[in-house]
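Please read the structure below before turning to the comments.
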There are 2 protein chains.
Amino acid sequence: MPEESWKPPLVMVAVDIVILTLRASKLHVLLVERGIEPYLGELALPGGFLNNTEEDVLAAAHRELREEANLHGTRPHLEQLGAYGTPGRDPRGRIISVAYLAIAPSLPEPVAGTDAAGACWEPVAGILSGGMKLAFDHHQILADGVERARAKLEYTSLATAFCGETFTISELQQVYEAVWGVELDLRNFYRKVQGVAGFIAPVSTDRRTTKGRPARLFRAGGRTVLYPPLVRPNPLVADEEEQ
Amino acid sequence: MPEESWKPPLVMVAVDIVILTLRASKLHVLLVERGIEPYLGELALPGGFLNNTEEDVLAAAHRELREEANLHGTRPHLEQLGAYGTPGRDPRGRIISVAYLAIAPSLPEPVAGTDAAGACWEPVAGILSGGMKLAFDHHQILADGVERARAKLEYTSLATAFCGETFTISELQQVYEAVWGVELDLRNFYRKVQGVAGFIAPVSTDRRTTKGRPARLFRAGGRTVLYPPLVRPNPLVADEEEQ
DNA sequence: AGAATAGTGTCTGTTAGACAGTATACA
DNA sequence: TGTATACTGTCTAACAGACACTATTCT
């Protein structure tokens, strides 16, 4: 038990961000090549320490997001994943990292972040299957972030955060298929999506595509909680658990 | 941007725990009366600082759980809710609190925690409706914890964590009704619960109750992820949002 | 037999999944 | 009119919600 003059230990606080987007109909995450030790030269999630004792954690996440990804104008979705504070996760000392999940619309231009030297979009599938190692415990953080995104697609309008201001229904379907890693029936998807009140709202204009019939445009409806939810197909219930 | 000799700021790290249980068929949370400033004498979630620089955050949560609630033998469910790190949330300085959600079976005995002086179980409903103020940002943490529990009842076997080693189906139903704050149809509940493979497993013995036909006993089946999920009734979809 | 609690069975409207055809635009 | 893309309609099996009765124990 703490005595009278006992002082709590001091630790460093960092933020790390799982920035997800769609590129070429595949789920990608933004990674940076580390320019300093430890893990110099290896790939890691973008992030950094709090600037000062007064900086808000969420504000720090927003700042890192701005520095690393060049999201001109767009206000991406940003939510906290949790704190990762196992001793020894960073050889520099006791560091607690607050992880965030960000969802960005797929931008035509490549990364070209102002700050981080080698920033790149990497396909998530290859990393999760163990084909690529990340620094620190970032593999776990990424896995948690992807699982959060998959789950929230079911019962929130998070999918629209992957799209631009306006989008077509098949673009929205590609989001679900890429994040969930499944194929969905086109007709059932149309029916369900348009059946959830307030999920998507029609926009008068049509988008001219290369060929064929132009698709109708939609924007995110006001509703953020989807009811009834869009349930993902049975994941062949093998019993695995968190914690 | 940090320069060469820049050092990250140091902050204090605490853990706070939302310990939920069922008492008299109502959802309760464990609160303690603060014995020191700030918020001296007010009610707060149990918690405290890391013991030392080497203590794991999850281990600290387990330690606080052991100190505050006397859970003889039972291994309660414990999962992280997230980090709460807004500057100014604690007048003593910059403190980041990692919040945890714990679910404990309802014990017949009152609290009598070894450590905290005035620990008591308080009904959650009254607090959430604004009828009771908590110290710090603990009202928000409690609200997040309850919402997490409500959500996880749908698609995980979390409800069994509210029960003892063995339980009857109507006891399980009382968990759902208390946490969700709704009434469920008894017959549909029996059908659904027994339809989810691996959710509950029968135990040969019957429990002698006061009167009437003895109820069959079950224990938690191996499965932690429920498929199909037990969806809670439509919450009259009014559009509210987190973040 | 009555009281008290435990546990089924059925009916119906809705939904999910599977599937094939029609519509619109451009060359 | 051919091609390429966008969209819609139907059928069926399963499920959800509503509802009323039977079963077992003790006194």
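Atom set for the values below is all heavy atoms of this structure, side chains included, hydrogens, waters and symmetry mates excluded. Every value quoted in this text rests on a predicted model; they were computed, and no experiment measured them. The chains referred to below are lettered A, B, ... by the order of the sequence lines, with proteins before strands, and numbering in each begins at 1.
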Strand contacts (DNA chain C) in residues 157-173 of chain A, 4.0 angstrom heavy-atom criterion = none

First locate atom CD of B:E67, then atom CD1 of B:I17, and finally report the distance between them rounded to the nearest 0.5 Å.
-> 9.0 Å

Indicate every side-chain donor-acceptor pair of residues 122-133 of chain B with a distance under 3.5 Å to a residue at least two apart or in another chain.
from	atom 1	to	atom 2	distance (Å)
B:S129	OG	B:A125	O	3.2
B:S129	OG	B:G126	O	3.0

Atom pair NE2/CZ of B:H62 and B:R66 - distance to nearest 0.5 Å | 8.0 Å

Could you tell me whether B:E165 and B:R219 make a salt bridge, using a distance below 4.0 angstrom between a side-chain N and a carboxylate O?
-> no

Electrostatic pair B:E154:B:R148 at N-O distance under 4.0 angstrom | no

Heavy-atom contacts under 4.0 Å between residues 176-197 of chain B and DNA chain C, which residues?
-> B:L186, B:R187, B:Y190, B:Q194

Is A:C163 close to A:L172 at the side-chain level, that is, under 4.5 Å between some pair of heavy atoms?
-> yes

With respect to A:Y100, which candidate in A:L58, A:D16, A:L65 satisfies the side-chain contact (heavy atoms from CB on, under 4.5 Å) definition?
-> A:L58

Interatomic distance, A:Q174 CD vs D:dT5 P [rounded to whole Å] = 12 Å

Interatomic distance where CG belongs to A:L230 and P belongs to C:dA16 [whole Å] = 9 Å

Nearest whole angstrom, please: distance from the C1' of D:dC15 to the OH of B:Y227.
-> 12 Å

Can the ring centres of A:F189 and A:Y176 be said to be less than 6.0 Å apart?
-> yes

Euclidean distance, atom CZ of residue A:R213 to atom C1' of C:dT24 [Å, nearest integer] | 5 Å

